[in-house]
2 protein chains.
Amino acid sequence: MTDFAAPLSPDASNPLLRLNNQLCFPLYAASRMLTKAYQPLLQELGLTYPQYLVLLLLWEHSELTVKELGEHLLLDSGTLTPLLKRMEQRQWLSRRRAPHDERSVIIGLQPAGEALRGPACRIPEQLLTRLDMPTEEFVALRNQLNHLLTRLQ
Amino acid sequence: MTDFAAPLSPDASNPLLRLNNQLCFPLYAASRMLTKAYQPLLQELGLTYPQYLVLLLLWEHSELTVKELGEHLLLDSGTLTPLLKRMEQRQWLSRRRAPHDERSVIIGLQPAGEALRGPACRIPEQLLTRLDMPTEEFVALRNQLNHLLTRLQ
DNA sequence: TACATATTAATTGTGCACAATTAAAACTTG
DNA sequence: CAAGTTTTAATTGTGCACAATTAATATGTA
C-alpha cells in the first residue's frame, strides 16, 4: 500500500512518480503483456488482436457500420479503415456503402470470417487457463476495469 | 456478474465471447483511454506517454542502459531505439556506448530533460483529480494490475 | 428551396509496438 | 587461445493508434 499522504515534491522520492505506484503504467504494461499472450493463439488463425475484436463483434451482429464498430471498440476511422481493408482483402468481411446514407460504410461478415468462429471461440477459455487466476480475482479486476472505462468516457 | 458455468459454445450467445466479459478488452480499452487522458498535459511539454515513462525512470536513475530501460518498461529495442533517438534530438537525453562493454548503450539525462521534471511532476496529481476515483478503488485496481503483470511474466 | 451545420469515412502524417533478422562484442569451454 | 555460444542494440517490415484535415453526404432551418 502506497503512502498517499506523502508530500508531493518534484524530487525522485515522490512516490507518485514511481511507475508501479501509478495506475496508468501497470494498465499500459498489463494490456500489452496480455495481448502478447493472445499472440500464439491468434497467429494460428492469421489474426491480430484488434482484428479478432472486430470479428467478435461481427459474430454477434453480422453487419455493423464503421461508426458502430468504432463505438464498441473505442477506435476511430483512422485506425479502423486500414484494418478493415486488410480484413476485406482476406475475404473475412465485406465493405459497402449504405444505400440510404452514402456516408456510412457497412461491414458485413463473410463466410471466411464466419469460418474462424469455431476455432476462435476456444481462445477465451485457453487464456483463462493460461492466466491461472482465481475466478473472483478475474471478475473483480474485469469489473473494476469496466468501471474505470465508464469513468473515462 | 457473468455466468462462468455456462456451456462454451461457438455461437453468439457464448458469454465468454462478449467484449466486456473478457479481461483483455477492458484492459486494452482502458489503457488507451487513460493514456489519452494524459495527452493534453503531456502535449504542453511536447512529450508522448512512452517518452514520459522514459523520463520518469531517468529522473530516478539519471543513467540507464537501453536494456535496463526495456526491463523496467517491458519494451524491446525495436520500440526504444527510435524513441530514444527522437528524445536525443530534443536534447532531453544522451546516448553513448558503455566503455567497458561496447554492446551496451547508456542513456543519460540531459539538462533539458531534467528541466521537465518540475512541470511533469504535477501530472500524476492532476490525473488523480481528473479520475475522481476513491483512493481505495485506485489502490485496489493498481495492486491487482501489478499482480496480473507479475503473472504475465 | 437554399444555405449553414452536422455527420461520416477517408486520408495524411507521426509515433509507437513487436516479430524477425543482423551484426558486433563478450563470454565459455574444450 | 580458438571456436562456439550468448548477449546486446540496431535494423527492417508490418500493423496499429490517433490527431488533424478533407470531402462527401445528410440534416435543420430561415
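Residue numbers start from 1 in every chain, and the chains themselves are labelled A, B, ... in the order their sequence lines are given, proteins ahead of strands. All values below come from the heavy atoms of this structure, side chains included, with hydrogens, waters and symmetry mates left out.
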Going by ring pair (Phe, Tyr, Trp, His ring centres under 6.0 Å), name the residues that satisfy it together with B:Tyr28, two or more places apart in sequence or in a different chain. A:Tyr49
The side chain to side chain contact (heavy atoms under 4.5 Å, CB included) partners of B:Glu136 (sequence neighbours excluded) come to B:Pro134
Measure CG/A:Leu42 against P/D:dC16 and give the value in whole Å, please. 11 Å
A:Gln39 CD to D:dT14 C1', in whole Å, measures 12 Å
Nearest-Å distance, CZ (A:Arg97) to C1' (D:dA23)? 10 Å
Please write out each protein N/O paired with an N/O of nucleotides 20-27 of chain C under 3.5 Å, distance rounded to 0.1 Å.
residue: C:dA26; atom: OP1; partner: B:His100; partner atom: O; Å: 3.3
residue: C:dA26; atom: OP1; partner: B:Glu102; partner atom: N; Å: 3.3

Qualifying salt bridge (Lys or Arg N to Asp or Glu O under 4.0 Å) pairs, either residue in residues 143-152 of chain B, two or more places apart: A:Glu137-B:Arg151
Find the distance A:Leu84:CG to C:dT11:C1' and express it as a whole number of Å. 15 Å
Which residues within residues 46-54 of chain B lie with some heavy atom under 4.0 Å of an atom in DNA chain D? none
A:Glu71 CD to C:dT7 P, in whole Å, measures 12 Å
A:Leu80 backbone acceptor or donor facing A:Ser77 side chain under 3.5 Å: no
Under 4.0 angstrom, heavy atoms only, what part of the nucleic acid is B:Thr79 near: base, sugar-phosphate, or nothing? base
B:Glu68 CD - D:dT8 C1' separation (whole Å): 12 Å
Under 4.0 Å, heavy atoms only, any strand: does A:Leu80 hit a base, just the sugar-phosphate, or nothing? nothing
Side-chain N or O of B:Lys85 versus OP1/OP2 of C:dC16: is the shortest distance under 4.0 Å? no
Return the 5'-most residue of the pair B:Lys36, A:Pro82 with respect to DNA chain D, ranking by each residue's nearest nucleotide. A:Pro82
Contact list for residues 104-116 of chain A, test salt bridge (Lys or Arg N to Asp or Glu O under 4.0 Å), sequence neighbours left out: A:Glu114-A:Arg117
State, to the nearest 10°, the angle formed by the axis through the first five base pairs of the helix from C:dT1-D:dA30 to C:dG30-D:dC1 and the axis through its last five. 20°
Rounded to whole Å, CG of A:Leu74 lies from P of D:dA17 at a distance of 12 Å
If a pair satisfies salt bridge (Lys or Arg N to Asp or Glu O under 4.0 Å) and one of its residues is in residues 32-53 of chain A, list it, with sequence neighbours excluded. none
Restricting to side-chain hydrogen bond (donor to acceptor under 3.5 Å, both in side chains), what partner residues turn up for A:Gln110, sequence neighbours left out? none
So does B:Ser31 get a backbone contact from the side chain of B:Thr35, meaning a donor-acceptor N/O pair under 3.5 Å? yes
Among residues at least two apart in sequence or on other chains, which ones pass side chain to side chain contact (heavy atoms under 4.5 Å, CB included) with B:Arg122? B:Glu125, B:Gln126
Which residue lies more 5' along DNA chain D, comparing B:Tyr28 with B:Val66 via nearest heavy atoms: B:Val66
Given D:dA9, C:dC18, C:dA10, the nucleotide with the shortest approach to the side chain of A:Arg32: C:dC18
Ignoring backbone atoms, test whether A:Arg95 places a side-chain nitrogen or oxygen under 4.0 Å from the OP1 or OP2 oxygen of C:dA10. yes
Partners meeting ring pair (Phe, Tyr, Trp, His ring centres under 6.0 Å) with A:His147 (sequence neighbours left out): none
When we call it a touch if two heavy atoms are under 4.0 Å apart, what does A:Thr65 touch: a base, just sugar-phosphate, or nothing? sugar-phosphate
B:Leu75 CG to D:dA9 C1', straight-line distance once rounded to whole Å: 15 Å
According to side chain to side chain contact (heavy atoms under 4.5 Å, CB included), who are the partners of B:Glu88, at least two apart in sequence or on a separate chain? B:Leu93, B:Arg95
Please work out which of the three classes, parallel, tilted or perpendicular, describes the rings of B:Trp59 and B:Tyr52, given edges at 30° and 60°. perpendicular
